[in-house]
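First comes the structure, then the notes that go with it.
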Amino acid sequence: MDIEQRRRSVAARHHLAPWARSSELLDVVDDLVALHATDPATVVLSAWARVDGLAEDALADAQYESRALIRMMGMRRTVFVFPADLAGVVHQACLPKIAAANRKRLVALLEQNGVERAGAWLDAVGADVLAVLDERGEALAAELSEAVPALATRITQHEDKAYGGEGAVNNQVLTLLAMEGKIARGRPRGSSPFANQYRWAPVGRWSTSPLDALDPGRAEAELARRWLRTFGPAPASDLQWWAGWTVTQTKRALAATDAVEIEVEVAEGEFEAGHVLPETMAVLDQSSASPWVALLPALDPTSMGWKHRDWYLGPHRDHFFDRSGNIGPTIWADGRVVGAWAQRADGEIVTQLLEDLGADQRSAVAARAQELRAWLGPLRFKPRFPTPLERTLRS
C-alpha cells in the first residue's frame, strides 16, 4: 500500500471527509477506538470534526447519563474517552503491570516519609475511598480528602527537582485506584465542556463486570484488532508505540489476530512490513479520491495514531509538535497535514496553510473555520500543550 492509498483511506474510516461524517457520536468514537482526553478540549473538538449536528451536551450525556462512554487511563498511561464496553479490554491490555509498578513505587515513597506498614495503610485508605464513593456516587478529590483524612497525608518527593517538594498524597492514591480499575473520572466541575477538574466515581457505574475479568492476552489481541481496523495497514512499531507495549506484547497481540503482512509506504519511497486485517482491504480498495478538508484539534486520534508520520506530515513536521511530542491543531486536506489553526481570545478561528491547495479547498478551509467559530459561540479554549505555530496564530 502506497502513501496515496493510505491517505485516501483516512477520509472514510476516520469520518473526516464531509460525506463520511456521522450523526452518531457513539459510532464515531467506536470507529476511532478512543478520543484522546489529556486535554478536555480535544474530546469535544475531535467529536465536532466528525459528527454532524453535534449537540454541546452530547459528550456529557454519553459519559455521565447513559454512560456509554468512559473517561479512563489507557494506552501510554494517557487518559482517553472509550466506549464503555471496551473498558475491560483497554484496562487489561495496558494497565496491570503499570498499576503494580506504581503501587510499589508509592508504597516505597510512603515508607520513606514515615508511614508504617505502608502497603496495609494504602489498602485501608483505598477501601475508605471506595466506601465514600459507593455512598455518594461521585466526589471531587478535595471532597474525598475531607471524608478520608488520610488522603491529606503530606509527603515529600523529588527534592532535587524544580517541581519537587511537599504535598498531599491524595492525587497519587486516586490515580493508583484508577490505574487498578476501581474508579474512573466522572462529571467535571463546572459547566464548561473544557473543564479539567473531574469528580471520581466507582468504575461499576460504567461496567457491570470488573475491569480485570478478561485475560490480558485476549485483551491485547482485541485492542490490536481494533487498532488495525482503524489505523492499519501499518508497521508493528506503530502499534507498539500507540499502545505503549513492549516488542513482545506487540508480537503476541498481532499473532493472536488474523492480520496478514503487507508492504506499507511509511515515507516517500520507503516501505516497511506492516499488518492489515483481511476485511479491511476491501474497504481500502474502495476509498474515494474526492477532495476534502478537516480541522483537527491538538492530540486528535488521527494525528496521534501512528509513530511513523512522514506519510501524512511530509515536510511540515517541525511546525506542529512541542518538545514532548504532542501535536497541535492541524488542517488536513486529502489525508495529509497542510496547515494549522487556533482560536484567538475574541473567538476568531484563524488558519495558516503551508502549501497551496487551490481556490476550492482554500474556501472549504475558511468555511469550516467559520462553522467551528459559530458552533463554539462564547466558549474559549487553549491547547494544554501549546505548539510553535499554534502559539503564533493565537497571539
Side-chain angles (χ1 to χ4, degrees), residues 3 6-18 20-21 28 32 34-51 78 80 194 230-231 238 241-242 267 291-344 348-358 361-373 375-376 381-395:
I3 284 178
R6 297 187 77 187
R7 289 174 175 172
R8 287 200 302 271
S9 75
V10 169
R13 286 194 295 163
H14 291 223
H15 297 283
L16 293 179
R21 293 177 200 145
V28 167
L32 292 170
L35 301 179
H36 203 297
T38 302
D39 186 338
T42 297
V43 181
V44 177
L45 297 172
S46 291
W48 174 85
R50 298 167 168 92
V51 179
T78 299
F80 291 85
F194 302 142
T230 302
F231 299 101
D238 281 347
W241 173 83
W242 180 87
W292 59 272
V293 300
L295 272 62
L296 301 186
L299 300 173
D300 185 83
T302 300
S303 303
M304 296 290 287
W306 301 270
K307 178 181 180 181
H308 298 90
R309 299 167 177 155
D310 287 346
W311 64 272
Y312 60 90
L313 287 175
H316 307 311
R317 175 185 289 268
D318 292 343
H319 294 285
F320 300 114
F321 292 88
D322 68 8
R323 293 180 179 178
S324 298
N326 300 301
I327 195 168
T330 51
I331 300 171
W332 286 64
D334 305 336
R336 69 191 193 283
V337 175
V338 297
W341 64 275
Q343 183 191 52
R344 288 184 174 162
E348 180 185 5
I349 304 297
V350 291
T351 62
Q352 181 174 336
L353 296 173
L354 301 179
E355 55 186 79
D356 184 13
L357 299 183
Q361 284 189 302
R362 287 199 303 271
S363 296
V365 169
R368 197 64 173 147
Q370 287 301 313
E371 290 172 11
L372 179 55
R373 179 175 185 175
W375 188 82
L376 286 169
F381 72 94
K382 292 180 182 178
R384 186 172 177 179
F385 307 103
T387 51
L389 188 50
E390 186 275 336
R391 188 184 291 112
T392 299
L393 289 171
R394 184 163 27 92
S395 63

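We're numbering straight along the sequence, starting at 1. Treat the numbers as computed from the prediction; the structure is a model and nothing was measured.
- Every pair passing salt bridge (Lys or Arg N to Asp or Glu O under 4.0 Å) that includes a residue from residues 386-395 is listed here, sequence neighbours excluded: E390-R394.
- D238 places no side-chain N or O within 3.5 Å of a backbone atom of G305 that could act as its donor or acceptor partner.
- Side chain of Q361 to main chain of V293: no donor-acceptor pair is present (N/O by atom type, distance under 3.5 Å, no hydrogens or angles).
- In terms of the ring-ring contact (aromatic ring centres under 6.0 Å, His included) criterion, W241 has no residue partners (sequence neighbours excluded).
- Considering only residues two or more places apart in sequence or on other chains, R344 meets the side-chain hydrogen bond (donor to acceptor under 3.5 Å, both in side chains) condition with none of them.
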_Could you go through R336 and H316, starting from their C-alpha distance and side-chain angles, then the distance that decides it, and tell me whether this counts as side chain to side chain contact (heavy atoms under 4.5 Å, CB included)?_
CA-CA 10 Å; R336 69 191 193 283; H316 307 311; over 6 Å; no

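- The OH atom of Y312 sits 11.5 Å away from atom CZ of R7, with the distance rounded to the nearest 0.5 Å.
- Side-chain atoms of W341 come within 3.5 Å of backbone atoms of L296 as a donor-acceptor pair (strictly under, hydrogens ignored).
- For residues 300-309, the pairs satisfying salt bridge (Lys or Arg N to Asp or Glu O under 4.0 Å) are R50-D300, with sequence neighbours left out.
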Please list, one pair per line, the donor and acceptor atoms closer than 3.5 Å that link side chains of residues 36-43 to other protein atoms, with sequence neighbours excluded.
from	atom 1	to	atom 2	distance (Å)
H36	ND1	T38	N	3.4
D39	OD1	A41	N	3.0
D39	OD2	R384	N	2.6
T42	OG1	A298	O	2.7

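- With hydrogens and angles ignored, the 3.5 Å screen pairs no side-chain donor or acceptor of H14 with any backbone N or O of S9.
- In this structure, W48 and W375 have tilted ring planes: the angle between them lies in the 30° to 60° band.
- In this structure, the separation between CG on D318 and CG on L313 is 10.0 Å, given to the nearest 0.5 Å.
- Relative orientation of the F231 and W306 rings is perpendicular, given thresholds of 30° and 60° on the angle between their planes.
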For residues 319-328, dump all side-chain donor-acceptor pairs below 3.5 Å to protein atoms at least two apart in sequence or in another chain.
from	atom 1	to	atom 2	distance (Å)
D322	OD1	S324	N	2.9
D322	OD1	G325	N	3.0
D322	OD1	N326	N	2.9
D322	OD1	N326	ND2	3.4
D322	OD2	N326	ND2	3.0

